[in-house]
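Reviewing the structure listed below.
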Amino acid sequence: MADPIALFRMMLTIREAELALARLFADGEVPGFIHLSVGQEGVAAGVCAALGPQDSVASTHRGHGHALARGMALEGFFAEVMAKSTGLCGGRGGSMHVADLQRGMLGANGIVGAGAPIALGAALAHRTRGTDGVAVAFFGDGALAEGAMHETLNMAAIWRLPLLMVCENNGWAEFSRSDTQVAAKLGAWTQSYGVRHDEVDGNDVVAVAAAAEEAVAALRRGEGPRVIEARTHRWRGHFEGDPQRYRDPEEAGRMAEHDPIARARAALTAEGTPAQTLDTAESEARDAVAAAIAAARTAPPADWAAALTGVYAPAEA
Amino acid sequence: MAELRMVQAVNRALAEAMAEDPSVFLLGEDIGAAGGPFGATRGLLDKFGPDRVRDTPISEAGIVGAAVGAALSGLKPVAEIMFMDFITLAMDALVNQAAKARFMFGGQRGVPMVLRTPHGGGLSAGPQHSQCLEAWLCHIPGLKVVCPATPADAHALLRAAIADPDPVVFIENKALYAMKGEVEEAPAPVPIGRARIARPGRDATVVAYGAAVHWATEAAATLEGEGIEAEVLDLRSLQPWDEAAVLESLSRTHRLVIAQEAVEAFGVGAEIAARMAEIGFDELDGPILRVGAPFTPVPFAKELESAYRPDAARIAAAVRRTLE
Ligand SMILES: Cc1ncc(C[n+]2csc(CCOP(=O)(O)OP(=O)(O)O)c2C)c(N)n1
Ligand SMILES: [Mg+2]
């Protein structure tokens with residue numbers, strides 16, 4: 001069983017990192033587009049807690065939480081999103097492509113639905129090698145409208161691959177309600193492939209971790225793919241700077257009621273965890289994020305010469 | 001030394017690579033029990049089993065996407081797309097994922113996969129089963145593109161493609177599958193990016209790849225009777241292509257014709273012409289001419305398709321014109 005304090009800490013790290021990114025973006029220190037997962041941390045933290053170092057994760061455009069929950073170091077993460085040469089991707093990928101291949105984090109992805117077949121391939125690799133590794137594909141509720149999702153679940157099902165597809169159901173596909181875009185209910189869709197679908201409250205990190213642990217254990221036993229649907233909430237705009245004219249301000253105002261971090265804190269307190277332990281966890285997360293940002297600020301900018309020679313493997317001497 | 005058909009040379013290269021390296025595996029539609037639509041994978045299922053010769057559903061996006069994921073996870077997938085026309089369904093995986101991963105992940109890892117696919121017409125297969133779409137792929141930084149013209153090169157270049165640390169699109173010309181040629185028992189490796197002089201000559205250079213190499217060679221034989229010695233340079237690799245070899249040949253002949261089966265406009269030939277105009281201008285004693293297909297889809301009717309396809313006569317006419 002995942003340690004609830006560790007889950008709490010991971011959610012704090014993701015939250016602190018993303019709120020810091022929101023400020024850096026507003027101040028012009030982060031270029032491009034960034035999609036924050038504030039409010040959705042319970043899914044990333046809970047699912048990744050069920051994984052081991054041998055496992056693989058393919059992520060989405062909203063992938064910061066997945067990368068950090070997979071263990072990507074804050075230094076390499078911030079330097080990447082802040083376009084520095086010390087970024088784990090050398091400043092060539094940015095927010096939509098944070099990746100840590102050493103940790104089986106096969107990348108955030110700028111293409112909706114594209115992570116799923118990549119995770120399928122990773123699951124295929126685990127199977128072909130005969131290991132008990134599993135692969136996770138995170139996807140949004142809007143992505144279900146992409147054909148690649150169907151191809152992926154179909155292949156995973158016929159081959160009974162160790163693939164866990166995790167839907168972060170936040171109700172939104174960009175600026176539209178996803179139920180205006182996707183006719184299928186995820187559970188019915190999944191079950192029509194003969195695959196088990198479990199629904200979980202994404203704001204309850206312990207419940208997410210328990211569902212993921214159960215599914216991953218089944219995958220390791222070779223029981224074929226699974227789908228977990230985590231109900232969650234996207235607190236902020238689709239991207240930073242999104243004026244959200246399409247959204248009822250009242251809905252946005254209710255977000256904090258679902259806060260997975262406040263819920264975890266309340267549960268830990270009820271179980272007798274001293275307030276000081278929880279406060280310390282919060283200040284440690286804040287300090288770690290601040291240190292990573294400070295390091296990124298002093299790092300040299302992304303290196304053009306390295307980028308130019310980084311398209312292909314270096315020619316053998 | 002064995003005489004093999006092109007399709008058998010492909011098969012042998014796959015079998016050898018799989019025997020040598022357990023991380024090599026194949027995936028594609030009907031490649032296992034059925035042996036592939038053109039027989040390129042015949043017998044491999046029995047030799048290597050269903051985990052390494054994986055029959056897939058009709059899911060091109062999924063096949064190539066899974067190949068990317070498997071390659072990022074340490075395997076060496078060789079995916080087959082039944083007709084090159086069908087890569088349209090897999091373009092995201094190829095262009096946005098396979099081609100980008102090494103670069104956008106800062107060199108953490110590459111995507112050592114091969115996508116084998118047949119192009120070309122001549123079989124009355126019609127507009128959706130005959131196209132030569134290689135120029136699209138040559139335009140994508142991160143991809144390599146190879147197109148052999150002989151069984152020996154098909155074998156050697158497929159070995160090179162599988163060994164390559166980056167994604168390689170390996171294009172097989174359908175009309176050449178049955179062509180026979182010698183393949184040595186232990187042939188010397190052929191590196192990706194190196195052209196080959198298919199026929200030496202001193203009066204004009206004809207750069208070609210795939211089926212056009214054979215049309216160019218036939219044209220050169222015709223021209224010989226007229227006292228014109230045309231050199232035929234088989235590019236073999238389209239991305240990267242052997243700029244130095246083309247320039248070297250041009251520096252001897254001072255005339256350049258580029259022949260391809262693909263639509264002429266915006267094609268591989270256009271890139272070669274542009275580069276030679278930039279770096280070989282002083283060597284040119286005549287206009288650079290291209291021979292390719294007209295700007296229409298590939299037609300079905302035999303009469304229409306033979307009017308559509310470039311041939312030796314059109315190449316010979318272009319050589320005569322550039323010598324005028
Ligand atoms: C192939 C593709 N189409 C469209 C987009 C633009 N886009 C980015 S995110 C998004 C919405 C995705 O919704 P969902 O999958 O529910 O994820 P969420 O943003 O809610 O996390 C869209 C349309 C894209 N990046 N890729
Ligand atoms: Mg959504």
Side-chain angles (χ1 to χ4, degrees), chain A residues 56 58 76 80 85 87-94 96-102 104 106-107 109-111 113-130 133 135 137 146-148 150-152 154-156 158-159 161 302 306-307 309-316, chain B residues 22-23 25 27 50-52 54-77 79 89-90 92-93 95-113 140-144 163-167 191-193 239-240:
Chain A
S56 317
E80 183 58 33
S85 62
L88 203 51
C89 304
R92 294 180 222 160
M96 269 190 283
H97 305 289
V98 287
D100 189 344
L101 278 294
Q102 291 277 14
L106 307 179
N109 211 308
I111 306 296
I118 291 175
L120 176 81
L124 198 54
H126 292 306
R127 162 70 57 80
T128 305
R129 281 223 198 77
E146 287 285 5
H150 156 88
E151 293 190 18
T152 298
N154 184 55
M155 282 195 263
I158 57 169
W159 295 333
L161 290 180
T309 55
V311 180
Y312 296 98
E316 275 165 47
Chain B
S23 65
F25 78 103
L27 71 170
D51 276 349
R52 295 186 66 200
R54 192 169 281 275
D55 270 323
T56 69
I58 311 156
S59 302
E60 288 77 11
I63 293 166
V64 181
V68 174
L72 283 173
S73 305
L75 296 189
K76 292 189 161 185
L89 289 101
D92 177 64
V95 173
N96 287 324
Q97 314 298 333
K100 304 288 188 283
R102 177 185 295 281
F103 182 87
M104 75 182 170
F105 298 155
Q108 292 181 56
R109 214 165 273 179
V111 180
M113 62 172 277
I140 305 300
L143 297 181
K144 295 184 179 179
D164 200 276
D166 287 306
I192 291 175
Q239 181 60 271

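Lettering follows sequence order; numbering is per chain, from 1.
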Taking the side chain as everything from C-beta on, heavy atoms only, tell me whether B/S73 gets closer than 4.5 Å to A/H126.
no
Checking A/T128 against chain B: side chain, backbone, both or neither under 4.5 Å from a heavy atom?
side chain
Max heavy-atom pairs within cutoff under 4.5 Å with chain B, candidates A/L106, A/I111, A/T152, goes to A/I111
Non-hydrogen atoms of B/P57 and A/W159 that approach each other most closely:
CD-CZ2, 3.9 Å
Counting C-beta onward and ignoring hydrogens, is there a side-chain heavy-atom pair between B/V68 and A/P117 closer than 4.5 Å?
no
So, the part of A/D100 with a heavy atom under 4.5 Å from chain B: the answer is both
Calculate, to the nearest 0.5 Å, the distance between atoms CE and NE2 belonging to B/M104 and A/H97 respectively.
5.0 Å
Among the options B/K100, B/R52, B/R109, pick out the one with the most heavy-atom pairs lying under 4.5 Å from chain A.
B/R109
Which atoms form the tightest heavy-atom contact between A/R129 and B/G74, and what is the distance?
NH2-CA, 3.4 Å
Could you look at A/A123 and say if it's the side chain, the backbone, both or neither that has a heavy atom under 4.5 Å from chain B?
neither
Verdict with supporting geometry, B/F105 and A/L88, side-chain contact (heavy atoms from CB on, under 4.5 Å):
CA-CA 7 Å; B/F105 298 155; A/L88 203 51; over 6 Å; no
Is B/I192 in contact with chain A via its backbone, its side chain, both, or neither, using a 4.5 Å heavy-atom distance?
neither
Considering only heavy atoms and a distance below 4.5 Å, find which of A/G93, A/A122, A/G90 pairs most often with chain B.
A/A122
Check whether B/S23 gets within reach of chain A through its side chain, its backbone, both or neither, counting any heavy atom under 4.5 Å.
neither
For the candidates B/G110, B/A99, B/P141, which exhibits the highest count of non-hydrogen atom pairs separated by less than 4.5 Å from chain A?
B/P141
Heavy-atom pairs under 4.5 Å with chain A, option from B/G65, B/G107, B/P22 with the top count:
B/G65
Where do A/L124 and B/R54 come nearest, in terms of heavy atoms and distance?
CD1-NE, 3.2 Å
Taking the side chain from A/Y312 and the backbone from B/D166, do they hold a donor-acceptor pair closer than 3.5 Å?
no
Looking at every heavy atom in both B/E60 and A/E151, which two are closest together, and how far apart are they?
N-OE1, 3.8 Å
Turns out that what part of B/L143 lies under 4.5 Å from chain A's heavy atoms comes down to backbone
Give a yes or no on whether the backbone of A/A99 and the side-chain of B/Q108 come within a donor-acceptor separation of less than 3.5 Å.
yes
Return the minimal non-hydrogen interatomic distance between B/P165 and A/A313, and the atom names on each side.
CG-CB, 3.5 Å
Nearest heavy-atom pair of B/A66 and A/L120: which atoms, and what distance?
CB-CD2, 3.8 Å
